[in-house]
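We count residues from 1, following the sequence as given. Counting starts at 1 for both ligands and their atoms, following the listed order.
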Amino acid sequence: MPISSALVCVRCGARYPTDHFAQDCPACRTIGAPANLTVAYNSVPGDGFARDEAARRPASMWRWEAFLPASASEAVSLGEGNTPLLPAPALGLGDVWIKDESRNPTWSFKDRLASAALTMARRFGARVIASSSSGNAGAAAAAYAAKAGLPCVVFTFLGASPPLMAQMRAYGAMVVVVEDKADRWRLQTAGVRELGWYPTSAFFGPVVGSNPYGMEGYKTIAFEIAEALDWQVPDWCVLPVCYGDALFGMWKGFEELKALGWIDRTPRLVAAEVSGSIAAAMASGEPMPPDRPRNAPSIATSIGASQGTVQALEVLRRSGGAAVTIEDDELARWVVTLGAREGIWAEPSSVAPFAAIERLRASGVIAADDRAVALLTASGLKDTSVIETALPPAPVVRGGLPDVMKALHGVYGFTDG
Ligand SMILES: [Zn+2]
């Protein structure tokens with residue numbers, strides 16, 4: 001595995017020591033575009049590693065240790081990664097594949113981040129893990145902290161999704177509820193600065209992204225996609241985007257494969273967002289996505305932030321990508337469509353890529369014969385609200401088969417024979 005030699009600003013390239021994982025780039029902050037740091041290595045990641053060797057290694061994202069900041073033998077792992085890439089012909093969206101991250105240990109893509117972040121937490125001698133998340137990031141941090149044998153504090157707020165709250169508590173995390181969302185960051189910042197708590201999530205604003213070591217885990221999504229397609233990369237990768245951690249990580253992963261000559265080009269990346277913040281910056285050319293508060297919260301709670309990040313914007317610009325702003329009615333429709341046609345139940349945020357692909361195919365940005373991969377970030381069990389509101393309640397039937405047939409016809413429009 002390569003040795004991390006510095007943390008580097010994702011925007012300006014300034015270098016910082018390897019233990020500056022709890023801060024952003026001061027240089028970019030002074031010009032109003034605070035930017036995350038990313039891991040730089042003292043050798044080319046993957047150099048000397050044979051492309052086909054990863055397939056023979058034990059099943060987890062750590063079979064790509066040649067690209068990661070720690071070795072498989074020291075990893076805090078629950079068998080994350082190795083998720084399937086499934087063709088989705090029944091969606092009517094053309095050549096579309098689904099990278100189904102709901103198959104991860106805590107049923108979301110955040111396990112890749114948590115596995116890499118907790119592995120490095122042990123390396124840095126962290127005593128306490130801290131996360132500000134009402135969602136998948138908090139659940140993943142809790143599970144991997146448990147696996148690492150470290151206490152974990154998760155700051156959340158009143159009104160968080162009940163299944164996610166239960167999930168964090170089930171992994172033994174010390175969940176703290178605050179009344180005002182903004183207090184989560186204030187309190188976690190105090191824990192990090194005053195007590196040395198190790199942050200896995202974003203915890204100050206404007207947000208720059210998550211723990212740089214954790215983000216290295218997202219590179220493995222790119223590796224798995226390229227491997228599954230026999231090293232023929234898709235034309236487009238489309239992601240639900242909040243702060244753009246996975247967007248940046250996947251882009252970095254594809255760039256590393258291209259540098260090794262394993263692939264001959266990199267895909268264009270698309271951010272499917274609900275605020276319109278990144279799309280506004282793409283249009284204006286500004287270095288920092290603007291704050292775009294909504295009148296009402298989106299049903300896509302996992303990507304509900306009102307302001308995008310510099311790291312997400314940089315990836316779209318460098319990859320020739322695009323940002324698409326998605327509405328709630330599209331999300332609800334795609335949750336139902338995906339479940340009924342492809343047998344995959346996703347949380348509302350996770351279907352944003354399908355709505356984005358639908359629009360970009362219609363506008364011709366994604367050409368009719370282009371191949372697109374949609375990143376499906378988390379399971380529908382995380383948030384069941386769409387199913388409860390978008391579909392009719394199941395009928396209660398008394399009597400015999402004629403009554404069943406009557407109910408099937410009346411509620412579902414189904415006629416047999
Ligand atoms: Zn910078």
Between R103 and N82, a side-chain donor and acceptor under 3.5 Å: no
Residues in side-chain hydrogen bond (donor to acceptor under 3.5 Å, both in side chains) with Y218, at least two apart? none
Charged N to carboxylate O below 4.0 Å: is that the case for K110 and E101? no
Test: K181 cationic atom under 6.0 Å from F157 six-membered ring centre, within 45° of axis: yes
How many protein N, O or S atoms sit closer than 2.8 Å to the Zn ion (ligand 1)? 4
Look at R112 together with E224 and state whether they make a salt bridge at an N to O cut-off of under 4.0 Å. yes
Shortest non-hydrogen contact between S108 and N136, atoms and distance: OG-CB, 3.4 Å
